[in-house]
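Here the structure is a predicted model, which means the values were calculated and not measured. Letters A, B, ... mirror the listed sequences (proteins, then strands); counts begin at 1.
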2 protein chains.
Amino acid sequence: MTEGQIGESVALRLMERALDAQGLRHTLPRRTILEVVAGMGHSFTPTELTEQVARRDPHIGRASVFRLLQLLRGAGLVERLHSPDGELYTLCLATEHHHHVTCTVCGRTATFSLEDDDAVGRAVERVGYRMDHHVLQVFGVCPACLQRERPPGRPEAPQ
Amino acid sequence: MTEGQIGESVALRLMERALDAQGLRHTLPRRTILEVVAGMGHSFTPTELTEQVARRDPHIGRASVFRLLQLLRGAGLVERLHSPDGELYTLCLATEHHHHVTCTVCGRTATFSLEDDDAVGRAVERVGYRMDHHVLQVFGVCPACLQRERPPGRPEAPQ
DNA sequence: TCATTGTTGATACTTGGTCTCATTTAGAGG
DNA sequence: CCTCTAAATGAGACCAAGTATCAACAATGA
Ligand SMILES: [Zn+2]
Ligand SMILES: [Zn+2]
Ligand SMILES: [Zn+2]
Ligand SMILES: [Zn+2]
């Protein structure tokens with residue numbers, strides 16, 4: 001079993017458990033969409049998702065895909081972010097608070113944590129607001145794409 | 001002259017200078033849209049903006065509004081953010097790096113800075129990415145709305 | 001004044017997403 | 001296994017936020 005497949009089945013199990021926890025029913029459309037989401041190796045756009053779902057079962061409606069995405073977001077298992085080229089959804093299984101970097105070249109996403117995450121809350125309180133929630137979106141270039149961008153033997157020109 | 005009006009004229013001047021700096025022409029539609037943007041006391045949705053623009057000059061096309069918004073974003077004078085209820089644009093004149101808190105009740109926006117803003121870049125580097133840009137969106141409740149939410153004499157129930 | 005080139009508005013189109021509603025189906029209880 | 005009900009579905013209309021195209025128009029510089 002490849003690492004990807006392990007990740008997939010874990011993701012699938014977690015997502016199903018999250019739906020169970022909300023007393024939601026097991027249906028075939030849900031199962032299909034969940035499998036597709038779990039199979040996504042990286043962040044995906046709604047169109048990518050709906051296309052892949054339609055490929056497995058053209059009968060499944062667009063609305064159901066969005067409905068499920070919303071449930072998963074509510075359960076904290078996928079996050080939506082607003083990338084320069086459209087909406088991106090990312091599967092996210094980590095439980096402790098963290099943030100995401102998304103590669104603007106290939107879409108690969110990594111997670112990281114801040115040493116002092118509460119700094120935001122404190123800074124906001126200083127201007128009199130009560131913080132509800134915060135979203136930190138980071139875009140950059142992943143190690144693999146950096147490698148490709150600056151091939152060995154042709155070092156980056158000094159800027 | 002009220003504080004709001006001072007802010008408006010400053011905003012207007014800054015925005016026109018930004019367009020000048022790009023060698024862009026002075027046109028009536030642009031002027032009108034700029035005035036409306038400058039007159040916005042808080043963050044606004046595209047629909048709010050287009051409605052207000054249409055009220056001043058129903059002849060101005062939706063596309064021109066979006067085109068100008070894009071120019072202003074490029075010049076760093078307005079920021080777009082993805083709020084729970086739709087897109088929000090915020091006029092932003094400060095020059096040094098900062099972030100925004102948006103009140104989820106009334107839309108009022110405040111700015112704040114982090115003591116250690118580079119913490120994000122460092123955290124991202126630690127996972128091997130090169131950071132391009134980051135967006136920190138904070139939503140909360142502004143002092144005024146907090147006041148209204150918890151009126152004097154009826155203290156917040158201990159939770 | 002005139003020519004150039006940037007800008008505009010109309011219109012069509014795309015993407016992301018919600019709403020409604022009639023039909024289907026999961027799954028609980030008998 | 002059957003029955004009933006509430007949940008879930010898909011079709012399709014609808015809406016918001018943009019973008020692309022393109023012919024008409026207008027700001028500026030010569
Ligand atoms: Zn995550
Ligand atoms: Zn990459
Ligand atoms: Zn700002
Ligand atoms: Zn407020």
Side-chain angles (χ1 to χ4, degrees), chain A residues 15-16 18-37 40 43-75 78-90 107 137, chain B residues 15-16 18-34 36-37 43-75 78-90 107 137:
Chain A
M15 291 193 288
E16 296 217 296
L19 298 192
D20 282 351
Q22 313 241 339
L24 299 168
R25 289 182 180 172
H26 285 228
T27 70
L28 214 87
R30 273 183 185 156
R31 173 74 192 193
T32 306
I33 303 168
L34 284 184
E35 281 175 6
V36 175
V37 169
M40 292 284 186
S43 40
F44 54 90
T45 64
T47 14
E48 277 165 17
L49 179 58
T50 49
E51 276 169 7
Q52 292 209 26
V53 167
R55 213 168 297 143
R56 289 216 200 182
D57 181 352
H59 202 59
I60 294 180
R62 231 168 57 90
S64 298
V65 175
F66 279 106
R67 280 189 283 243
L68 191 51
L69 273 182
Q70 199 161 283
L71 287 175
L72 293 175
R73 279 217 294 150
V78 308
E79 280 180 20
R80 178 177 60 178
L81 51 101
H82 207 57
S83 96
D85 3 76
E87 299 304 299
L88 276 185
Y89 286 79
T90 303
Q137 291 180 6
Chain B
M15 290 193 288
E16 296 217 295
L19 298 191
D20 283 350
Q22 312 241 340
L24 299 168
R25 289 181 182 172
H26 285 229
T27 69
L28 214 87
R30 272 183 186 155
R31 171 76 192 192
T32 306
I33 303 168
L34 284 185
V36 175
V37 170
S43 40
F44 53 92
T45 63
T47 14
E48 277 166 17
L49 179 58
T50 48
E51 275 169 7
Q52 291 208 25
V53 167
R55 215 169 296 143
R56 289 217 199 183
D57 182 351
H59 202 59
I60 294 178
R62 233 168 59 88
S64 298
V65 174
F66 279 106
R67 281 188 285 243
L68 192 51
L69 273 182
Q70 199 162 284
L71 287 174
L72 293 174
R73 279 217 294 149
V78 308
E79 281 179 19
R80 178 177 59 178
L81 52 101
H82 208 57
S83 95
D85 3 76
E87 300 305 299
L88 276 186
Y89 286 80
T90 302
Q137 291 181 5

Exercise for review: Ignoring backbone atoms, test whether Thr27(B) places a side-chain nitrogen or oxygen under 4.0 Å from the OP1 or OP2 oxygen of dT7(C).
Suggested key: no

Review point. Quick one: which of Val78(B), Leu81(B), Leu88(B) gives a side-chain contact (heavy atoms from CB on, under 4.5 Å) with Ser43(B)?
Key: Leu88(B)

Exercise for review: In whole angstrom, give the distance that lies between atom CZ of Arg80(A) and atom P of dG17(C).
Suggested key: 5 Å

**Study point:** Integer-rounded Å distance: dT19(D) C1' and Arg73(B) CZ
**Key:** 13 Å

Point to revise | Per Thr47(A) side chain, nearest of listed nucleotides dT28(D), dG16(C), dA20(D) | key: dG16(C)

Review point. Which part of the nucleic acid does Leu28(A) contact within heavy-atom distance under 4.0 Å: base, sugar-phosphate only, or nothing?
Key: nothing

**Study point:** Ion pair check, Glu16(B) and Arg31(B), cut-off under 4.0 Å
**Key:** yes

Revision key, fill the gap. Per atom distances to the Phe66(A) side chain, the nearest of dA10(C), dG10(D), dT18(C) is dT18(C)

Review point. OP1 or OP2 of dG18(D) sitting under 4.0 Å from any side-chain N/O of Tyr89(B)?
Key: yes

Exercise for review: Choose from dT5(C), dT21(D), dG16(C) the nucleotide whose nearest atom is closest to any side-chain atom of Arg25(B).
Suggested key: dT5(C)

Study note, to complete from the structure: His59(A) atom NE2 is separated from dT25(C) atom P, nearest whole Å, by 8 Å

Study note, to complete from the structure: Picking from dA11(D), dT7(C), dG16(C), the nucleotide nearest the side-chain atoms of Pro46(A) would be dG16(C)

Review point. Touch check for Arg62(A), heavy atoms < 4.0 angstrom, all strands: base, sugar-phosphate only, or nothing?
Key: base

Practice item. Using heavy atoms to find the nearest nucleotide of DNA chain D for Gly86(B) and Arg67(B) separately, return the residue whose nucleotide is more 5′. Key: Gly86(B)

Revision key, fill the gap. Separation of dT28(D) atom P from Arg30(B) atom CZ, nearest Å, is 10 Å

Review point. If each of Asp85(A) and Leu24(B) is mapped to the nucleotide of DNA chain C with the nearest heavy atom, which maps nearer the 5' terminus, i.e. the 5' end?
Key: Leu24(B)

Revision key, fill the gap. Residue pair Leu69(B)/Pro29(A) against DNA chain D: nearer the 5' end by closest nucleotide is Pro29(A)

